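Here the structure is laid out as structure tokens; the discussion comes afterwards.
These figures come from a predicted structure and were not determined experimentally. Below, read A as the first sequence line, B as the second, and so on, with proteins coming before strands; counting in each chain starts at 1.
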Amino acid sequence: MDVTPILDGLNDVQRQAVTAPPKPALIIAGAGSGKTRVLVHRAAWLIEVEHVSPQSLLAVTFTNKAATEMRGRIETLLKIPVQNLWIGTFHGLAHRMLRLHWQEAGLSKNFQIIDSDDQLRIIKRLLKNLDVDENQWAPKEIQWFINGQKDEGFRPKDINDEGDLNRKQLISFYDSYEKICQRGSLVDFAELLLRAHELLRENKNLLQNYHRRFRHLLVDEFQDTNAIQYSWLKLLAGDKGVPFVVGDDDQSIYQWRGARVEHINHFQKDFTDTNIIKLEQNYRSTETILNAANAVISNNNSRVGKNLWTEGNVGESIKVYSAYNERDESDFIVNRLREWIDQGNARTDSAILYRSNAQSRVLEESLINAQIPYKIYGGLRFFERSEIKDALAYLRLISNQDDDSSFERIVNKPTRGIGARTIEILRNYSRENACSLWQATDAILNQSLSNRAKKSLNEFILLIRRMTSEVENMNLHDTVDHVIHLSTLVNFYKKEKGDKGETRIENLAELVSAAKSFEIDVSEDISPLDKFLSHAALEAGEGQAETWEDCVQLMTMHSVKGLEFPLIFMCGMEDGLFPHQRSIADSSGLEEERRLCYVGITRAKQILYITYAEQRRLHGIDNFSQPSRFISEIPNEYIEEIRPKVQRVLPVHSNNIKQKMYTENELGIKLGQRVHHKKFGDGVILNCEGQGASTRVEVNFEQSSGTKWLVLSYANLDLM
DNA sequence: TACTATTTAATTTTT
DNA sequence: TTAAATAGTA
């Protein structure tokens with residue numbers, strides 16, 4: 001057996017990981033240390049050298065992209081396609097299991113997956129049904145609560161209300177929400193995981209089968225696992241399964257979504273005799289960039305601890321630019337980009353990173369002015385577009401008529417005279433009789449309805465019935481095409497003014513071709529339509545209709561994880577923006593921001609620019625802020641400060657500045673000034689607006705969370 | 001029912 | 001600033 005291709009080009013530690021004995025392994029893999037590489041080669045090693053059947057391997061990732069890439073790389077390495085090797089996302093694999101064992105899981109055969117948008121709609125409707133004031137109970141927070149509980153593995157009955165009425169109410173919302181989903185055969189993302197976990201936990205035979213089957217579990221981005229994912233892994237591994245997990249605690253940036261880095265420590269306890277291997281050699285960045293990243297992250301306390309090193313060049317200093325305002329900042333970035341591109345570099349090798357999406361607007365304007373093509377990551381994805389979701393709702397209603405969520409979405413789209421009144425009657429009936437809206441129509445048609453409404457509703461019912469029967473023997477893409485045709489959605493969008501409707505119609509056409517190219521495995525016991533619908537929910541589709549072009553990449557610091565670029569700009573590096581205001585207060589929040597910063601810095605291969613604006617217009621008002629504390633955590637030796645060479649034209653909002661300075665002087669208030677308030681205690685002034693008697697200041701008080709706006713003339717602040 | 005005016009709130013988002 | 005959601009009007 002020639003093992004050279006599998007071990008070639010790996011360093012000693014990587015090799016050690018790849019060839020590790022079959023016992024639990026925890027690989028701590030620093031940024032750019034070849035984490036995916038190790039995972040891929042490990043899989044190849046097991047199959048090729050240890051003669052483990054691909055069937056006994058399970059590989060889990062977080063994104064579809066990572067899963068696809070991993071499969072591709074394994075196949076390239078082994079030079080053969082690996083069938084019956086389970087590689088997928090947690091959600092994808094959970095979904096697969098639920099489809100296979102829908103009965104044991106307590107689902108109907110044609111259950112549908114809903115995305116967070118659908119979920120929110122359901123919650124909103126639920127609140128309306130219960131006659132709850134949305135101002136008192138924000139739907140988003142209820143959604144947050146439900147998903148949070150599911151991520152932790154809790155059903156409503158498992159949650160203690162702790163005598164808290166608020167909590168009690170939330171639990172009851174969760175309970176009602178669950179009933180709605182169960183009735184409509186709807187499964188949200190978190191539910192996929194929770195169900196799959198319960199499925200294995202409650203069905204010993206099934207679990208034993210999987211235990212016999214899966215001997216090796218490979219896990220990517222282990223630091224991002226939430227409680228339910230980790231439990232599922234443990235359950236699946238059992239006593240004999242061998243987990244091989246790869247992660248980096250310093251790149252844990254999704255704790256706010258339920259990810260628990262602590263699993264890295266738990267792992268060593270839960271699996272005895274764990275082999276711990278640290279990959280610390282970085283192959284990506286220059287020494288300067290790497291040292292800077294190390295220096296920043298060393299300010300965090302809760303770390304496993306490792307030190308990345310490189311044999312690479314020292315490289316260029318990190319350039320820090322202090323801009324007057326956000327316009328100046330983006331112009332600077334665009335100028336530097338221009339120079340870099342003119343030197344013959346590919347635009348696609350550069351990326352601009354920001355903390356929050358709203359920051360992209362100014363950058364876009366400058367890029368458009370300079371005529372530099374760019375691409376923004378993280379916008380609406382194909383299957384999330386509303387016209388696509390409309391079409392899908394028709395298809396879902398055909399597959400499952402009890403899907404109230406889809407019913408409501410399209411019952412009057414295009415408008416067919418079924419107004420709020422009629423729907424209200426339907427809702428009432430369905431609530432009182434605990435049936436779906438579809439079922440309610442039957443009863444309602446025979447009762448209390450005006451003739452007009454009755455006619456409209458009846459037409460809708462007939463339309464869905466007609467679609468259902470006509471589509472019965474069609475293949476997938478004809479089905480999609482036919483349903484879109486019968487729905488008359490195209491006509492509906494034609495009426496929309498502007499070229500928006502045009503795009504929507506194009507997207508609908510694109511949906512048909514997506515269905516055309518969708519591969520169906522007929523051996524599986526699921527209808528092609530249901531499979532397509534699940535696919536749509538699970539893989540929202542990165543830009544289906546987009547053409548590839550050489551362009552500058554714009555994205556948030558979160559979405560850049562896992563990528564690398566020769567040239568990186570990190571912009572908006574100001575305290576309050578990054579670290580974000582809402583994370584500054586507590587140390588765990590701040591540490592997560594710092595990890596995010598670490599992720600950002602370590603994306604750069606050769607050149608890193610860091611920029612901040614002294615003045616930034618946010619939500620329509622001007623803010624002054626300090627450079628991000630993370631900048632000062634980078635040792636000076638790695639930094640080259642760039643000062644504007646020429647005095648620029650005065651900043652755009654010069655009037656405001658004059659006003660602001662005036663009031664500041666007049667009242668002795670300046671940003672950063674410490675103050676004392678009788679009720680709120682001590683705090684720091686973050687912001688100031690208005691003038692004279694109506695001057696208001698934003699103060700961050702130490703005792704309370706968040707900040708408060710106070711009118712100076714009433715607040716009686718004492719300067720400290 | 002559909003359009004327009006007003007109000008409100010504003011991190012990050014793998015699935 | 002702005003986008004989205006709601007309330008009010010034709």
Side-chain angles (χ1 to χ4, degrees), chain A residues 60-67 88-95 113-120 124 134-135 138-140 143-144 147 150-151 187-193 196 220-221 223-226 228-229 251-259 326 353-359 361-362 377-381 383-384 386 412-422 452-453 456 495-497 534-542 555-563 572 576-584 589 592-593 595-597 599-600 616-623 653:
Chain A
V60 198
T61 64
F62 276 84
T63 65
N64 293 301
K65 202 173 140 207
T89 63
F90 276 100
H91 293 85
L93 296 167
H95 172 242
I113 301 171
I114 55 172
D115 67 12
S116 21
D117 187 58
D118 299 325
Q119 185 182 38
L120 192 61
K124 282 184 180 167
E134 278 195 18
N135 293 319
K140 278 259 171 62
Q143 182 182 28
W144 186 264
N147 289 334
K150 287 190 178 188
D151 283 346
V187 177
D188 61 49
F189 291 138
E191 182 76 20
L192 284 170
L193 303 173
D220 193 13
E221 307 275 17
Q223 78 282 351
D224 284 339
T225 49
N226 65 28
I228 196 69
Q229 289 162 335
Q251 291 186 65
S252 158
I253 53 173
Y254 285 106
Q255 290 197 43
W256 54 276
R257 276 188 94 202
E326 71 277 2
L353 311 182
Y354 36 81
R355 174 64 237 264
S356 56
N357 290 307
Q359 289 170 252
R361 174 170 264 109
V362 198
Y377 278 76
L380 254 197
R381 287 177 298 178
F383 287 111
E384 289 167 354
S386 75
N412 198 33
K413 198 170 192 174
T415 40
R416 48 173 72 84
I418 303 175
R421 272 294 296 132
T422 317
R452 229 177 74 166
S456 307
K495 286 183 207 137
E496 215 168 338
K497 44 184 163 201
S534 303
H535 164 82
L538 234 31
E539 308 187 23
E542 276 295 320
M555 65 191 93
T556 64
M557 307 250 181
H558 279 91
S559 15
V560 81
K561 195 176 76 156
L563 306 175
L577 234 195
F578 190 35
H580 196 275
Q581 195 59 56
R582 294 167 85 146
S583 312
I584 271 175
E592 179 144 318
E593 295 281 303
R595 289 191 293 269
L596 189 56
C597 182
V599 167
R616 181 179 297 274
R617 181 159 260 220
L618 265 180
H619 314 318
I621 53 165
D622 286 315
N623 294 267
H653 321 291

Closest of B/dT15, B/dT11, B/dT12 to the A/H580 side chain is B/dT11
What interatomic distance, in whole Å, is found between C1' of C/dT6 and the corresponding atom of B/dT11?
25 Å
B/dT11 -> Watson-Crick or G-U wobble partner, both distances under 3.5 Å, gives none
Note to self: The test is side-chain contact (heavy atoms from CB on, under 4.5 Å); show your working for A/Y354 and A/T556 and say whether it passes.
What the structure shows: CA-CA 5 Å; A/Y354 36 81; A/T556 64; 3.8 Å; yes
Scanning all shown strands, the Watson-Crick or wobble mate of C/dA5 with both distances under 3.5 Å is B/dT6
- Item | Expected output: side-chain A/E592 to main-chain A/Q255 donor-acceptor under 3.5 Å | yes
Query raised in the report: For A/G562, which contact category applies under a 4.0 Å heavy-atom criterion: base, sugar-phosphate, or nothing?
Result: nothing
(Q) Using a heavy-atom cut-off of 4.0 Å across all strands, would you classify A/Y254 as base, sugar-phosphate, or nothing? (A) base
Short side-chain N/O contact from A/S559 to OP1 or OP2 of B/dT13, under 4.0 Å
yes
Notebook entry, point to check: With a non-hydrogen cut-off below 4.0 angstrom, is A/I114 in contact with a base, only sugar-phosphate, or nothing?
Noted result: nothing
Separation of B/dT11 atom C1' from A/K140 atom NZ, nearest Å, is 12 Å
TODO: Ignoring backbone atoms, test whether A/R381 places a side-chain nitrogen or oxygen under 4.0 Å from the OP1 or OP2 oxygen of B/dT13.
DONE: no
Checking C/dT1, C/dA3, B/dT15 against the side chain of A/H619 (C-beta onward), the nearest is C/dT1
Next on the checklist: Quiz question: by atom type and distance under 3.5 Å, do the side chains of A/Q119 and A/S116 form a donor-acceptor pair?
Outcome noted: no
By nearest-nucleotide position on DNA chain B, the 5'-leaning member of A/H558 and A/T415 is A/T415
From CG of A/L596 across to C1' of B/dT11 the rounded distance in Å is 10 Å
What does A/D115 touch in the nucleic acid at a heavy-atom separation under 4.0 angstrom: a base, only the sugar-phosphate, or nothing?
-> nothing
A/F578 backbone acceptor or donor facing A/E593 side chain under 3.5 Å: no
Atom CG of A/D220 and atom C1' of B/dT15 are separated, to the nearest Å, by 15 Å
Tell me whether A/H91 and B/dT15 count as stacked here, given that the ring centres must be under 5.5 Å apart and the planes must differ by less than 30 degrees.
no
Rounding to 0.5 Å, atoms CG (A/D115) and CG (A/L120) come to a distance of 10.0 Å
Here the distance between atom P of B/dA2 and atom CD1 of A/I418, to the nearest Å, is 12 Å
Regarding the side chain of A/N412, the nearest nucleotide among B/dT12, B/dT15, B/dT1 is B/dT1
Considering only heavy side-chain atoms of A/F189, the closest of B/dT15, C/dA5, C/dT1 is B/dT15
> Are the ring of A/W256 and the base ring of B/dT12 both nearer than 5.5 Å at their centres and tilted by less than 30°?
Replying inline: yes
Task: Check against salt bridge (Lys or Arg N to Asp or Glu O under 4.0 Å), A/K561 and A/D224 - done: CA-CA 12 Å; A/K561 195 176 76 156; A/D224 284 339; 2.4 Å; yes
Can you tell me how far C1' in B/dT12 sits from the matching atom in C/dA5, rounded to whole Å?
-> 23 Å
Closer than 4.0 Å, any side-chain N/O of A/N357 to the OP1 or OP2 of B/dT13? yes
From CZ of A/R582 across to P of B/dA10 the rounded distance in Å is 6 Å
Rounded to whole Å, CD of A/E384 lies from P of B/dT13 at a distance of 12 Å
Does OP1 or OP2 of B/dT12 have a side-chain N or O of A/R355 closer than 4.0 Å?
no
Whole-Å distance, A/Y377 OH to B/dT12 P, equals 18 Å
A/Q251 atom CD is separated from B/dT13 atom P, nearest whole Å, by 16 Å
Using a 4.0 Å heavy-atom cut-off, does A/N64 contact any base of the nucleic acid, only the sugar-phosphate backbone, or nothing at all? sugar-phosphate
message = Could you check whether any side-chain heavy atom of A/H558 comes within less than 4.5 Å of a side-chain heavy atom of A/Y254, counting everything from C-beta outward?
response = yes
Ranking B/dT12, B/dT15, C/dA3 by distance to the side chain of A/S116, first place goes to B/dT15
